[in-house]
Structures are given as structure tokens and as C-alpha cells.
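Worksheet for the structure shown next.
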Number of protein chains: 2
Amino acid sequence: MSEQLKAKSGLRGRAARVGLDKQQIVAAAIQQIDQRGLAAFSMRELARTLKVSPAVIYWHVGGLQEDLFAEISAVITANLTDDTTSGADWKVRLRSVFMRYRQLVHQHPRVAPLLGAQMKSNGVANLAWVETVLSALTQAGFQGEALRDAFNALIGGLAGFVTMELAPPPADDSNDWQQGFAKRVADIDPLHFPYTHAVLPMISNRIFVLRWQNGIDVSYDSSFELLLNIIIDGLAQRAQQLNNPPE
Amino acid sequence: MSEQLKAKSGLRGRAARVGLDKQQIVAAAIQQIDQRGLAAFSMRELARTLKVSPAVIYWHVGGLQEDLFAEISAVITANLTDDTTSGADWKVRLRSVFMRYRQLVHQHPRVAPLLGAQMKSNGVANLAWVETVLSALTQAGFQGEALRDAFNALIGGLAGFVTMELAPPPADDSNDWQQGFAKRVADIDPLHFPYTHAVLPMISNRIFVLRWQNGIDVSYDSSFELLLNIIIDGLAQRAQQLNNPPE
DNA sequence: ACCTGAACACCGTTCAAGT
DNA sequence: ACCTGAACACCGTTCAAGT
């Protein structure tokens, strides 16, 4: 039997029988991060769960762990298109695409640090995202430096929010840190920090910095929506000033 | 000579002569991250540059690498106070404290991922920051859930922006990735992505996602200021609505 | 109290060799 | 083309032992 026939019929030598490809590897990696978190992720552990030699990962993905991470980011943001609202008002389209971005990241919350805090993970994968935002802003009347700043304010503010929201807690197996931190928050000195102390029951574990759980356990929906509304409204105001300059 | 005398006079046995303390360790760690980046940081390397056994780090800092990272974050955000403008208008105070936050992080840009993307690094160190923001927002008229959302929108949006802005590039020694990515951006298909292609010279390497350098090499000053202005203006508008509800 | 040296259980990555 | 096994050069963390 020729090599071609073997390949076509799926019959191969012991080495080739595994039949692994890049897609499956990336999918398995996402699953592993979903379950154990990014800090616990390892190439060797991934190879183990795939019942394969570590070198296989490198052969399929090529190069380094960073490249695998970039593939993961690409897969997660791949569905970030806006077909549904492509004819709509630019404000509606921006709302929609950023709500969708947050929704996608929340489907794999423990992958979030990759999207926000690693440059290589922002590949050409989500060009559709960029195109949507740029076309909406162009439609609004932005161009040149103003377009650039508007784009960065949107992505930096909103994607940045999601990154902070889903910042991973310590890898502490136990919840020692959670308890300790909760106690320190409860014991905040009313003399040094009167305003903080006054609203403690309202904000404890519900605002950034003073929390011991992240956006997986505590909802930041209304805070994100406030930020989204503020940015879009603010851009709309400034767009109007650009188009009808004060006389 | 008694033990106390030896300690007082600085004369000690071979082991104690090193005279290392937590402050120096944290300072050395910051220096190391500043130079080589967070990805290249290691406890053993730190011990090596301090000419000390790795165990020493653990003895002084206690526990895990995360704890050292938390100390680092605390040191960097320690000077985040607003004494200068404590009597000023709440909008001025917010502007000032968030400009200062960004300025502090930019002094150690490669530490940025710790502040934005790790929960343990947000210790009780920067309570002064929280107090400043909460007092300003209270003064503006926010309370209850609205206060919470306003706080989160500010911190999530602005600290999130800084985290994205300073997201580390790949550890590639060479600039292979930079060149490859730059080429892919330049070759963006005008048929699939007309709006992106149209403004390419304006945005290439200057907007998030479509860049191969981060905020260390390319300035995002004007984008940050736009976001800061939009958020503060938006909060001011909403504060007014809270205080003078529509009839 | 502060430090050393060695040990344990891992990593990421590469590479010759196999089928 | 796809995979194995072993190897290299590291890690983080702990712990008995020293002074």
C-alpha cells in the first residue's frame, strides 16, 4: 500500500495515527485554561491530556507558547462580527459590537488576560472588529487624529475594563487570601478613610481594588453599561462639534 | 561579644552579614522587571543579582511569587495621593489623580500587567486612591449603586486603558514579529476592510490591535486624555440629573 | 533572626530518530 | 508528514542545617 493510499484511508504508522491538528490543540488548550486558569496552564500538561509528546504541540503550532496563546485569542474573538446591525446607526453598531466583545470574553473569562495584557494575542484575527469600529467612527464624522483617539478611547476603555473586571485572583488553593482581604476591607480606618468607610457595605467586594472576587463571581454589568454609554454619548457630542464647529 | 552587641555594631556571622531586608528585595525586583520585562523575571535570577540564596527571598517576602508582585504594586502606587488638590472641585481632583496614576505606571511600564491583570496586586496599599475617588464622586452627588458604577467605570476604563496601552510585546529577541506584523497591516485587503484600508497611514501602529509597538514607544497621551475628559464630563452630566431629576 | 545548600517536582523548547 | 523519547537549561518552593 502506497503512502498516499495510507494517508487517504486513514491507515498510518504508529506515529501518524494520532491525527492531531492545530484546531484540536487550540481547542484543548482553551478547555484547559477554562478549567484550571491561565497560571496553571502548561505545554506539557496540555500534551499529557492530549496523550501526545510535548514536541507535537510545537510541531503543529510552531515556535513558542506565545504563538499558541495568539491562536487562542484569535479563536475566541473570531465571531466578533456585526452583520446584524451593519445598516444601523453608528451608535447602535458600536454598542452592539462592544457588548458582543464583552460577551465573548465572558464565555472564557480565564483567557481574558491574554486579550488585554499581551500584544501578540492581538493578531490580524479580529480585523472585522477594527473595521466595524472604524467604519462607525468614520460615519460619525471622525477623521485623522480625532479618529485615532476615538478608536483608542473605545478599545482601551472598554476592552481595558473587561481585562480589569476579569483579572485573575491568587492561585491560593485555599481561600486564605480572600478571607484575609475581606477582613482588611471591613476594618478600614474611618479616621483616615472616612468616605470609603461610609459606603463600605455598598462597595465591599463590588468595586475594583476593594474586592476579593472578580467578574466571574460578581456582576459588573451595570458598571460596564455606564461606561459604554458615557463613551458613546461623549463621542457623539464631540462628533457634532467636529461637524458643526462653534462659530 | 554578646549577640545583641554584634547586632548593634553590625558585626555578625557569615550568614547574617548580608543584611538584606524586604525593601531592598522589592526595589531590586522592580529594577529587574524594568530592565528585562515581566516575562523574563524569575525568583532565582533575582536571588543571583542580590548574591543570595533563593530561599532568602521567600524568608523576607513570605510565601509566593505573587506576594512579591503584590509588594511591587504597593510600592509603585504608594505615592498616589492628592494632597495638592484636596480642596478643589471634584472634577479637577479626579483629573489630577488619574493623570497621576498613569504617570506613576509609566515610570515602570513593564510592571503594568501586574496592576491591571492580577487581583492580588491590588492590595490595601492604595486606599488613598480609593478614598480620593470615592470622596470626589460623593461630592459630585453619587451614592448607592450609582456611586459603585461611577467608581468602576472610572477605574476600569482608565486603569484598563493604561494596562492595554502598556501590554508587553512578544519576547522575541529579534524583531521578526514586528516586521511580519507591520507587513500584514500594510497588506490589509481594501475589498474586505475598506474603512480600515482608507485610514491606514493614520492608524498603522498607532491604534490598539493594529500595532506592533506599545505605549513605551508610541504615545497614547491624547487618546488617554480624550477618554478621561469623556468619562468625567459624562459623570458630571449624570450627577446633575441625579441632583435635579427631570420633572 | 537570617542565611546556605541541596533537594523535589516541575517547566519550555529542541532535536535526532522513528514510521 | 507527523510523532516519540530523551536531553538541555532552566524554574518555584521547601527544608534541614548552619551561624
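Sequence lines set the chain letters: A, B, ... in the order given, protein chains first and strands last, and positions in each chain run from 1.
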Run the side-chain donor-acceptor check on residues 199-209 of chain A: report pairs under 3.5 Å with partners two or more places apart or on a different chain.
unit_1 : atom_1 : unit_2 : atom_2 : d
A:N205 : OD1    : A:W212 : N      : 2.8
A:N205 : OD1    : A:Q213 : N      : 3.0
A:N205 : ND2    : A:Q213 : OE1    : 3.1

Would you give me the side-chain donor-acceptor pairs under 3.5 Å for residues 107-119 of chain A, sequence neighbours excluded?
unit_1 : atom_1 : unit_2 : atom_2 : d
A:H108 : ND1    : A:D34  : OD1    : 3.2
A:H108 : ND1    : A:D34  : OD2    : 2.8
A:R110 : NH1    : A:D34  : O      : 3.4
A:R110 : NH1    : A:Q35  : O      : 2.7

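In DNA chain D, runs of at least 3 stacked Watson-Crick or G-U pairs (N1-N3 plus N6-O4 or O6-N4, or N1-O2 plus O6-N3, all under 3.5 Å) give these stems: C:4-8 with D:12-16, C:12-16 with D:4-8.
Applying the ring pair (Phe, Tyr, Trp, His ring centres under 6.0 Å) test to every pair with at least one member in residues 31-77 of chain A, sequence neighbours left out, gives these pairs: A:F41-A:F69.
Side-chain contact between B:F181 and A:K120 is absent, with no heavy atoms from C-beta onward closer than 4.5 Å.
Nucleotides of DNA chain C nearest to B:P54 and A:G63 differ in position, and the one nearer the 5' end is that of B:P54.
Applying a 4.0 Å cut-off to non-hydrogen atoms, the residues of residues 37-45 of chain A that approach DNA chain D are A:R44, listed by residue number.
OP1 or OP2 of C:dC3 sits under 4.0 Å from a side-chain N or O of B:H60.
Rounded to a whole Å, the CD atom of A:Q65 is 13 Å from the C1' atom of D:dC11. In this structure, A:L64 places its CG atom 14 Å from C1' of C:dC11, rounding to the nearest Å. Protein atom CD1 of B:I57 is 14 Å distant from nucleotide atom P of D:dT14, rounded to whole Å. Residue B:Q32 contributes atom CD, which lies 14 Å from atom C1' of D:dC11 at whole-angstrom precision. If you take CG of A:L46 and C1' of C:dC10, they are 16 Å apart, rounded to a whole angstrom. One can place CG of B:D67 at 13 Å from C1' of D:dG12, the figure rounded to the nearest angstrom. With rounding to whole Å, A:L68 atom CG is found 14 Å from C:dT13 atom C1'. Here the P atom of nucleotide D:dA16 and the CH2 atom of B:W59 are 17 Å apart, to the nearest Å.
Scored by the side-chain hydrogen bond (donor to acceptor under 3.5 Å, both in side chains) test, B:N214 finds no partners at all (sequence neighbours excluded). Under the rule for a side-chain contact (heavy atoms from CB on, under 4.5 Å), the partners of B:H106 that lie at least two apart in sequence or sit in another chain are B:R102, B:E165, B:L166. Residues satisfying the salt bridge (Lys or Arg N to Asp or Glu O under 4.0 Å) criterion with B:E131, sequence neighbours excluded, are absent altogether. Residues passing the side-chain hydrogen bond (donor to acceptor under 3.5 Å, both in side chains) test with B:D187 are B:K183, sequence neighbours excluded.
Within the 3.5 Å criterion, the main-chain N or O of B:A159 finds a donor-acceptor partner in the side chain of B:T163.
Checking D:dG5, D:dT14, D:dC11 against every side-chain atom of B:Y58, the shortest atom distance belongs to D:dT14.
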